[in-house]
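Structure first, then comments.
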Amino acid sequence: MYTKNAYSLADLLAWTRQELVLFAVIATVPALVFDVLGQTWLRLPWLPIALIGTAVAFIIGFQNNATYDRLWEARKIWGGIVNASRGFGLMVQDFISDQFASPPIRSAAELEAERRQLIDRHVAWLTLLRHALRQPRPWERFLAHRTNREWSRAIGVREHRHTVEEELAGCLGPAEMAEVLGKANPAAALMALQSRHLQQLRVRGAIEDFRHMEMAKLLLQLLDLQGRAERIKNFPYPRQYATLNSVLLWVFIVLLPFGVMPAFAEIGNQFGSDDSAIGHWFVWASVPFAVIVMWVFHTMERIGRVSENPFEGTSNDVPITTMARAIEIELRQGLGQDPASIPEPIVASHHALT
């Protein structure tokens, strides 16, 4: 997630520099043929080009609205995970006691170990979920583009730099880690371990029935939120719309100079006779104008494309790594753990949170 008030123009130009060079070539070649080689017949009427441009604008608007809805839904899901995790932390702290335990829990340290195991396992669930959401899908093409890879390396997506085993090491024991990682859905398998642990605590009387039901409901709520996130991850923005949008956009970009050049040539003729320097060279003003129009259309379409998959790891995505770390810090502070053992919050890199 980008944290500055706005993208600077320099950021956008750096991000789209390859396209800018291509647009300059596309706009310059027809002007060269038109003016230098004298092929003034190389023109197209503006009306059909404008109609294509209007269609492209509508499709880009539809795409950007749809992809923003996906991004906003993903953000609401993770907002729900934050809230449910806080509730789970409070229940772990306050609901688990030795009041009705049988056999009695002999020490506060043993009771604290039970609480810590539940919190460690919840942090592990967050870790497994975010690693699963960062796994690439065939339709996710963000990293196929050179400048996108540069941004990804610059902001340092944690899940791309560390394995899930490395990040689980401080939360799960070897046996539990092997058990959950051997399942098709490790995050869901870990929730099954949590449910089993709560059941064992209920049998021992460390949680009475009502409290057990409330904590079980919270686990089901977290599983529901996981499923919603997986639905967005595993169901792409419809490819037929994406393909049509891309094809029409490039048709418009290629045809644009052939409609712009004659218009600028006519304006140049109004400056004077054919031997007027301004009138003769004014057709070349169509090049920067066409490049600007191409850049605006293409950049809007590209922004929509990078927002299609809100968990892929771009600077525009939901910052699930940062949010998971914030949850972990809150839960561990709630248990009163040593501040030295609690990880630091994730800070923005290049004005972006991941």
Side-chain angles (χ1 to χ4, degrees), residues 7-65 67 141-142 144-148 150-151 237 239-308:
Y7 278 102
S8 69
L9 180 60
D11 289 337
L12 286 174
L13 292 177
W15 186 49
T16 57
R17 64 184 185 275
Q18 289 181 299
E19 288 82 1
L20 278 170
V21 173
L22 179 59
F23 297 157
V25 172
I26 292 173
T28 301
V29 170
L32 186 68
V33 176
F34 184 93
D35 184 60
V36 177
L37 301 183
Q39 303 298 314
T40 56
W41 57 267
L42 196 65
R43 62 177 70 197
L44 290 172
W46 177 249
L47 181 59
I49 298 175
L51 289 175
I52 295 174
T54 302
V56 171
F58 274 113
I59 296 175
I60 290 176
F62 173 80
Q63 170 188 269
N64 287 4
N65 284 334
T67 56
R141 303 294 298 165
F142 173 79
H145 198 288
R146 177 182 174 182
T147 54
N148 289 344
E150 291 174 358
W151 272 100
Y237 176 74
R239 306 323 298 160
Q240 63 271 31
Y241 292 117
T243 301
L244 177 64
N245 193 19
S246 180
V247 170
L248 286 181
L249 173 66
W250 281 103
V251 168
F252 174 71
I253 286 173
V254 171
L255 294 181
L256 181 65
F258 299 98
V260 172
M261 288 186 307
F264 275 81
E266 291 296 330
I267 296 173
N269 291 335
Q270 297 177 12
F271 283 103
S273 61
D274 292 339
D275 58 354
S276 168
I278 296 178
H280 179 73
W281 293 106
F282 197 76
V283 68
W284 286 93
S286 68
V287 173
F289 178 84
V291 169
I292 290 172
V293 174
M294 294 175 190
W295 182 80
V296 169
F297 273 76
H298 187 274
T299 301
M300 288 300 298
E301 192 268 345
R302 189 174 173 191
I303 289 172
R305 274 189 285 121
V306 299
S307 302
E308 286 179 13

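Because only heavy atoms are used, hydrogens play no part in the values below, and waters and symmetry mates are left out as well, while side chains stay in. Only a predicted model underlies this, so the values are computations on that prediction, with no experimental measurement involved.
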### Summary
Ala290 and Leu256 have their tightest heavy-atom pair at O-CD2, 3.6 Å
Indicate every side-chain donor-acceptor pair of residues 242-251 with a distance under 3.5 Å to a residue at least two apart or in another chain.
unit_1	atom_1	unit_2	atom_2	d
Thr243	OG1	Arg239	O	2.8
Asn245	ND2	Gln63	OE1	3.0

### Message
I'd like to check the side chain to side chain donor-acceptor pair (under 3.5 Å) partners of Trp295; sequence neighbours left out, ordered by chain and number.
### Response
Thr16, Thr299
### Task
Check whether any side-chain heavy atom of Trp15 sits under 4.5 Å from a side-chain heavy atom of Val306, and report yes or no.
yes
### Task
Please list, chain by chain and in numerical order, all residues satisfying side chain to side chain donor-acceptor pair (under 3.5 Å) with Glu301, sequence neighbours excluded.
Arg305
### Gap between atom CE of Met261 and atom CZ of Phe289 - 0.5 Å precision
13.5 Å
Using a 3.5 Å cut-off and no angle test, enumerate the donor-acceptor pairs between side-chain atoms of residues 42-56 and protein atoms at least two apart in sequence or in another chain.
unit_1	atom_1	unit_2	atom_2	d
Arg43	NE	Thr40	O	3.0
Arg43	NH2	Thr40	O	3.4
Thr54	OG1	Ala50	O	2.9

### Task
Apply ring-ring contact (aromatic ring centres under 6.0 Å, His included) to Phe297 and list each qualifying residue two or more places apart in sequence or on a separate chain.
Phe252
### Message
Once side chain to side chain donor-acceptor pair (under 3.5 Å) is applied, what residue pairs with a partner in residues 17-26 remain, sequence neighbours excluded?
### Response
Arg17-Glu150, Glu19-His145, Glu19-Arg302
### Query
Got a sec, which pairs hit salt bridge (Lys or Arg N to Asp or Glu O under 4.0 Å) with one end in residues 244-259, sequence neighbours left out?
none
### Message
The criterion is ring-ring contact (aromatic ring centres under 6.0 Å, His included); which residues satisfy it with Phe62, sequence neighbours excluded?
### Response
Tyr241
### Message
Distance check, rounded to the nearest 0.5 Å: Tyr237 atom OH versus Ser307 atom OG?
### Response
11.5 Å
### Query
If you look only at pairs with a residue in residues 52-62, which of them pass as a salt bridge (Lys or Arg N to Asp or Glu O under 4.0 Å), with sequence neighbours excluded?
none
### Check: Thr67 side chain, Asn64 main-chain N or O, donor-acceptor pair, under 3.5 Å
yes
## Note on the structure
Only one of Ile253, Leu20, Leu22, Val254 passes side-chain contact (heavy atoms from CB on, under 4.5 Å) with Met294, and that residue is Ile253
## Note on the structure
Minimal heavy-atom distance between Val291 and Ala27, with the atoms involved, is CG2-CB, 4.0 Å
